[in-house]
Structures are given as structure tokens and as C-alpha cells.
Number of protein chains: 4
Amino acid sequence: MVYYKLTAVVTALCYNIRIYNYNIFNGDFMTSTSEQKHDIILDSAFYLFSTKGFYETKIAEIAEHAGVAKGTVYLYFSSKEELFKEMTRRNFDEFLDGLSNELTRSSSFAEKLNKIADHHLSYFYNMRNHTRIFFQGLNNDPEFMEVMFHHIENYVNLVTNVMESESINESKLHAKAFVGMLENYKMDILFTKSFTKDHLNQRVDFAVKLFMNGCKR
Amino acid sequence: MVYYKLTAVVTALCYNIRIYNYNIFNGDFMTSTSEQKHDIILDSAFYLFSTKGFYETKIAEIAEHAGVAKGTVYLYFSSKEELFKEMTRRNFDEFLDGLSNELTRSSSFAEKLNKIADHHLSYFYNMRNHTRIFFQGLNNDPEFMEVMFHHIENYVNLVTNVMESESINESKLHAKAFVGMLENYKMDILFTKSFTKDHLNQRVDFAVKLFMNGCKR
Amino acid sequence: MVYYKLTAVVTALCYNIRIYNYNIFNGDFMTSTSEQKHDIILDSAFYLFSTKGFYETKIAEIAEHAGVAKGTVYLYFSSKEELFKEMTRRNFDEFLDGLSNELTRSSSFAEKLNKIADHHLSYFYNMRNHTRIFFQGLNNDPEFMEVMFHHIENYVNLVTNVMESESINESKLHAKAFVGMLENYKMDILFTKSFTKDHLNQRVDFAVKLFMNGCKR
Amino acid sequence: MVYYKLTAVVTALCYNIRIYNYNIFNGDFMTSTSEQKHDIILDSAFYLFSTKGFYETKIAEIAEHAGVAKGTVYLYFSSKEELFKEMTRRNFDEFLDGLSNELTRSSSFAEKLNKIADHHLSYFYNMRNHTRIFFQGLNNDPEFMEVMFHHIENYVNLVTNVMESESINESKLHAKAFVGMLENYKMDILFTKSFTKDHLNQRVDFAVKLFMNGCKR
DNA sequence: AATGAATGAGCATTCATTCAT
DNA sequence: TATGAATGAATGCTCATTCAT
């Protein structure tokens, strides 16, 4: 099976931190054990995939980390690829939901750009020590590609809407440029051990000002 | 062995197109068959790795594509990983050499930014149908990581120098922001089948103007 | 990695015959399928290694002979080398346990020497048609070497104790000489197709008498 | 190809030390370059096979050690197996020739036994630091097996003749027992780093006396 | 005769997935 | 539901041997 092609970079766009989730209490009538297990497996998958990459992570490891048997993973996810996709989906959704939420509470244009930049960079900052990113995806799986496209599109659209609300022409090109800046600063976070919250704020401010006013000569 | 971690995105930064390379002419007193074979294998590796990714590409495929036996690959490269690294190195070098060369011939600031943007986007545009990108690297190999860092650093430094020659403050942050814009436009190229040279030029102009003047409200 | 060096001859010292082992009876409350499989694989490994040698025996063959899948072998033994070592260990242990046991039941010196000689030669006689010996070991594996040394030492010590119990000087040199005789008669067994139990008994008697009285001129 | 079976232990019986052999002078009319090369390759094969074993030694290494090209090895020996066999043959011959020669010059029975023991043990003592033994042969090659048998037979016959010259009954059984003692002392030489010439002489004397008089109680 | 680049058969090992319990 | 023992396809790499020069 040789599929089309696939992206992956953007996988790194969306993360969230989950803690290994013990089932503290299961009342007799309490259900959702299975729903919980589903999530715990997803958490473990996220933790390991993001730490070691898709190929380097073994199903056995995910199962062990989740505290279930290998076979159980297959009760909830039909394949390793499917598990990876679900994980990606969930992370993207959470990323976008969070951003969407924050934007609602913003008023001015500058404030909105600030929220976007801060959300983007903080997202990666928060997990910088916790996990390592993976720039890896399912290069030959068209379905995965589609999921990725859809999510990136959604993100850019969100930013594009902000642009349009300010009556900016070429709103999409503007949106992509802004997101691009942030993506590149993300690298600083991920690869600079000494990166601090101050550095982050500096970059947020810098990106917004540069985007609004251009470079200062 | 779990190494640090590694990036890969930027692998996609540098490409170049090579054609399966027959030895058209051999001067009387020299034959560099072996050097040629080295390059042909590298070309095939580039083509396949970039089309399918590291893990999805088999040494047997590279050998077949290069028209040599499996064992021959190992005559020139000690391992699959090493082959991948060599390929990455070569591509980066060519990308940077080309850019470096073009910048020398540029005069004004806008012109230089233009060259950078054009070089970056054209690079990927030229291979858009030819190969597919991979956003994949050797996530656990510290040596590969170092090579990647080194190359990204070199690219950013080249752009940073341009900023400094214009006495721009925070030259590095500016440089990274600009490269980030381009990287994001690269996505358009790679994932939009109907992308034309006109679209490319439009983005080059747009990126330069946005960077210099900020968004036009 | 070039380790010290290793012996192997003596590997041939210890053998035992095992038959492909079906689980005839399983008590109601226990099944040691996994322990059985471990032993069945060991049996097959013994049969094949001793028939064809370490390098000539393929894991696939061992698996097939044991009636399991290739992967199953690795469930019980971490590598081909490890399997070989385990097999060697087991054979030596059984050889020594058997001898140890027989010596306890012997009384006079001559009787003890007889038991040693008989045990040694019978051991190989019993498997003379069944398997063929291998004079091969893991020449570069220090761990294997150590195991071998340890076992040979144990064998010689057992014989040395017998010498000492008779207040013989230079007990160790005596022990080694006696074992040496037997080892050389072993060759007759292994390479003479017409070798019979009578021949064996003749050699047992001969070795004991020669050792006790010297050559008869 | 699954042959009968094969021995190897005894391979270790016969060794000799050769020094890497430069062709100091080749007069114009002097031939035998090719004969020399044949021997140099055999020397290298001996050195490496005995140091590392058959499977662990690569043809490329032998060629390099001999200072010739890989292909050249095949001009003189049709295969790796053949090279191994030739080497074994040569070593055995030299061992036997040496012994044969020494026996001619001996008179009394004790003296002859002494010569045998000394020749046997000295042989291995002389190369104890120089090379390491290999207990490895071509386990599946019937031709190799035959060569080995033939040589062992010759050695035992030589010793048997000594026994017969003394009118000893069961001369062959006596001969094998004596050789067996020596073989086992050989182990001491090979595996005891602190083994000295004195230890050797002690063992020679001990073996002869034990063989002639039996154990001293 | 001598070379050494090229070959490709051969094999240990891994790991996603299944299924009997 | 949950388990984990068993499976076997899949692949990177080695190295004896060949052959054009």
C-alpha cells in the first residue's frame, strides 16, 4: 500500500498534557470504565508518541504505560495507525477549542493577535520539559493527511476570521504569515533549554508588533 | 537508547532535484565510476526518502531505483541512517550555497528579502510534482540532530546578517519571523495542486511587504 | 568485539536425550504450557545444535522442529546465543547431577573410577546414533566461556575428590589424566559405526586398569 | 547441503607458527612467487582461523593480513572451506613430521613416551600466547571429516607403533589413552595464563609415569 | 596474475495483531 | 471485557564469490 503522502509537522501544533489516570473510584453503578480506559490509552499514546515518535513507540509500551494488556488496546482502537490518528484528532480539537474560547473573550485586534500568539507559544512552552515533540506522521496514509489538512485549515480559518473582522485584505495570506512566525518561534522553545516565560512573552509581543507594523528600521 | 530528540520539519527545507545520472562522458584519463555511484545512490535515497519517509523506504528499493545491488549501497554508506544523514547534509548544503550566492548579487534590503523568499519558495516549488516532502528525521539520533541544528542555524544566520546589514534591532527575531512566514507558505505549495508560479510570486511579494510594513488595515 | 577465546570441545561432554515432549497429562488445576514450551525449544535446540553446529543451525529450523513459530523462540530466549548457552548449561548440569548421584552409591576406589568411566562413555554412547556431536561453542563470548570453564572445573573437581578420598597425591593431575583417557575413547564411540556396548565396557575396564596399574608390559 | 557430520576438536591438535612472510628477494629468474603467495595466504589463514575461528574469520581479513587482494585468495584456493582444509592438512603434517623425526632419535620406551608427551604439549605451549586455539571445524563437510580422521589415525598409529615395539597388548587402546591424557593437559596450557615451561615438564613426566606405573596410592 | 568493485542469497530479530481462555 | 502467549511477515545487513579491467 503506497498512499499519497503525508504531513506531520503540524502534528506538533497541538498538544495537551494529561496525567496518567488511575481509576480512583468505581461505584457499582458507575459506568464509563470503558470510556475511561479509552482515554487512558489515548493519554499514554500521546505521551509516548510525542516523546519517541510513531515508529519508535511500540504498542506494548503504550499498553504498559496505560496499565492495560496489549490486547486491550485493540478493543478500543483498531490499529496502531488508528490510535495515532485519534490522538492527533483529540489534541488538535483541544488546541482549537482553547483558542476559540480565548478569542471570544478578546476585544481589540492587537489583543486578539496577542491571544493567538500567546496560546500558540504557551501551548508548546507548557509541555517543553514534559514531552518532546514529534515531527512525524503517517506519511503514506491519505486519511491521516486529510485529518491534518482539516485541522490546519481550521486553525488558519480561525486566524483568518480575526483578520477579516479587522477588514484586512488578503486575510488568509496574512493569517498564514502570522501563524508561520509563531511556528518558527516554537522551535526556539523546543530546542533552547534555557528558554523562559519571559522569552516567550517577548516573542509574543515581538510577533504582534512585527505583524502590525513591519520591521523597525 | 533514547537520545535527546530531533527535529525534522526542516529537513524539508532543503531539496534539490537530481536526475538518474548516466555517465555521458568520461575523459580519457579518468573515470569516477565510484564517485558517480555514490551520487546516484544519494539521488535515489533523496527521491525515495522524500517521497515515502525514512521508515517507509527500504534499502532494497533505493538499490533498485539506483540500479545497483543491495550490497552496493553498503559499499558507499555504512547504514541506512548514515545514508539518510548524508542526503540531508547534501541537500542543506546545496540550498544554502544557492541562497548565499544569490544574496551576493543583491543590493537593496527589499531585493535581498525578495531573493530569500524567492529562493525558499522556488526551491520547493521546483520539486512539487517531482517528490513529496517528508517531515521526518532520525528522532533519536543525536548526531543527526546536531547536523540539523547546525544547518538551521546557518540559514537563520544568513538571514540575520541581512537584517543586521540594515541595522535592524533584534535581527535574529526578525530573521526567524521572516523564515517562518515562508515556511508556512511552503505548505500551500506542497498541498495545493493548483499552485502556480504566479501564486508563488504573489506570496514572495506579499511576505516581503508584510515583513517591511506590517499588515495593511 | 573480539573477546578472549573459548573452548567448545567439552560442550560435547554433556548430552542427554530428550524426546519431543507432548503433554500427556495435565492435572486439573495446573498447566505449565509455557514451561513445557521452554523445554521443548531447548530440546530442539539441543538436537539441532548438536547435529549441525551453532552456525549451521537456523532459528527457523529450531522453531520448526519444536513445532512453534519463529517468534516464539524469542519469547523464551533473548537470542540465538542465549539459547545455545541455556542448552549447554542444562546439559552440563544433567551430566554432572547424574554422575554425582552415581558416585554416592559407589564404595571402593575401583568402583568409583568405573562409575566415572561408565557414566562418561555411556553418556555419549546413548546418543551416538541419535545426534552427532559438535565441537563448537561461542568462541568470542566471554560469558559462555565462563560457563564452560565452570562446568569443566566442576567435573574435574568431582573426579579430583574421588582421588583425594583415596589419598592420592597430585589428585588434580590424576583426575585430568583420567578424564583425558575417557575423552579420547569417546572419539571411538562417535566415529566408529560398529561400536557396541561390549566395546564400551571393554574400554571402561581398560581405562580403570590402566589408570590404576599402568601399562602392562 | 547437509553432510554427515564433522569433528573439529582435533583441529587444535596441530599448529605451527609462521611469520608473515615477505618476499625479500626475487631474482629475475627466481620463480615461485606464486608458491610463496600460496604459503603466505595459508599462514594468514592459520593465524586468523586459529585466533578467531572459522566463521568469525572473513576472507577479506585473511587477504588483508596476507597483503593480497581478496580475489587473489581465490586464485590459490577455490573456497573458504578449501582454504581451511588445506591449512588443517599442512598443520597436521608438520606436527606429525616433527614427531616422527623425534621418535627416530629416541631409544628407550620411557624416552619415546617422553618425546611424544613433550612434543604434544610443547607444540601448544609454543603458541599459547601467539594464537588462540579453535575447536571448530567444518561440521557438515564430509571431506573435511575424512581429512581429520586420517590425521588422527596417523597420530594414534605412530603412538601405537611405539606401544607395539614394546610388545604391549591392546596397543591401540594404550595409545589412545596416552594421547587422551596429553590432550587434557593441553587444556591447562591453553586456559591457564600462568602456565610455565616447568609446569609443562612436570606434566610430561607425570603423564609418562602415570601411564607406565599407574596411580600411586 | 592480480585486483577490488559489485553482487545477492541468506538470516536473526522485531513487533503489530490475533484469539483461546 | 480483558488478557498475553503465539504468530509470521517483513527487512537491514553481511560476506563469500565473481569478473571486468
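In what follows, chains carry the letters A, B, and so on, assigned in the order in which the sequence lines appear, proteins first and then strands, with residues in each chain numbered from 1.
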Legend entry - Closest-nucleotide ordering on DNA chain E, the 5'-leading residue of Gly71(C) and Tyr76(D):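 By nearest-heavy-atom nucleotide position, the 5'-most residue is Tyr76(D).
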Inset, instruction - Using the closest heavy atom to pick a nucleotide of DNA chain E for each, name whichever of Tyr74(A) or Thr72(D) lands nearer the 5' end. - result: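 Between the two, 5'-proximity favours Thr72(D).
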Taking [atom1] from [X] and [atom2] from [N], how many angstroms apart are they, rounded to a whole number?
X        : N       : atom1 : atom2 : value
Lys80(A) : dA10(F) : NZ    : P     : 16 Å
Glu64(B) : dT7(E)  : CD    : C1'   : 15 Å
Leu75(D) : dT3(E)  : CG    : C1'   : 9 Å
Ile62(C) : dT7(F)  : CD1   : P     : 15 Å
Phe77(D) : dA2(E)  : CZ    : P     : 12 Å
Glu82(A) : dA16(E) : CD    : C1'   : 15 Å
Lys58(C) : dT13(E) : NZ    : P     : 12 Å
Lys37(B) : dG4(E)  : NZ    : P     : 16 Å

Inset, instruction - Taking all non-hydrogen atoms of both residues into account, name the closest pair between Glu61(A) and Glu56(A) and its distance. - result: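 For Glu61(A) versus Glu56(A), the nearest heavy atoms are OE1-O, 3.7 Å.
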Legend entry - Watson-Crick or G-U counterpart of dC15(F), or none if no pair lies under 3.5 Å: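 Check on dC15(F): paired to dG8(E), both distances under 3.5 Å.
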Legend entry - Watson-Crick/G-U partner (both atom distances under 3.5 Å) of dT21(E):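 Because both required distances fall under 3.5 Å, dT21(E) counts as paired with dA2(F).
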Inset, instruction - For a side-chain hydrogen bond (donor to acceptor under 3.5 Å, both in side chains) with Asp43(D), tell me which candidate from His65(D), Arg90(D), His38(D) qualifies. - result: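 Exactly one option meets the side-chain hydrogen bond (donor to acceptor under 3.5 Å, both in side chains) with Asp43(D), and it is Arg90(D).
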Legend entry - Residue from Tyr47(A), Phe77(A), Tyr76(A) passing side-chain contact (heavy atoms from CB on, under 4.5 Å) with Leu42(A):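 In the set Tyr47(A), Phe77(A), Tyr76(A), the residue that makes a side-chain contact (heavy atoms from CB on, under 4.5 Å) with Leu42(A) is Phe77(A).
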Legend entry - Upstream residue (5' side of DNA chain F) when Lys70(B) and Ala60(D) are each assigned their closest nucleotide: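 The residue whose closest nucleotide sits nearer the 5' end is Lys70(B).
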Inset, instruction - Check every strand shown and say whether Ser78(A) touches a base, only sugar-phosphate, or nothing at a heavy-atom separation below 4.0 Å. - result: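 No contact.
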Legend entry - Any donor-acceptor N or O pair under 3.5 Å, side chains Tyr74(A), Glu82(A):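 Distance-only check fails for Tyr74(A) and Glu82(A).
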Legend entry - Distance flag, aromatic centroids of Tyr55(C) and Phe54(D), threshold under 6.0 Å: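 No: the rings miss the under 6.0 Å criterion.
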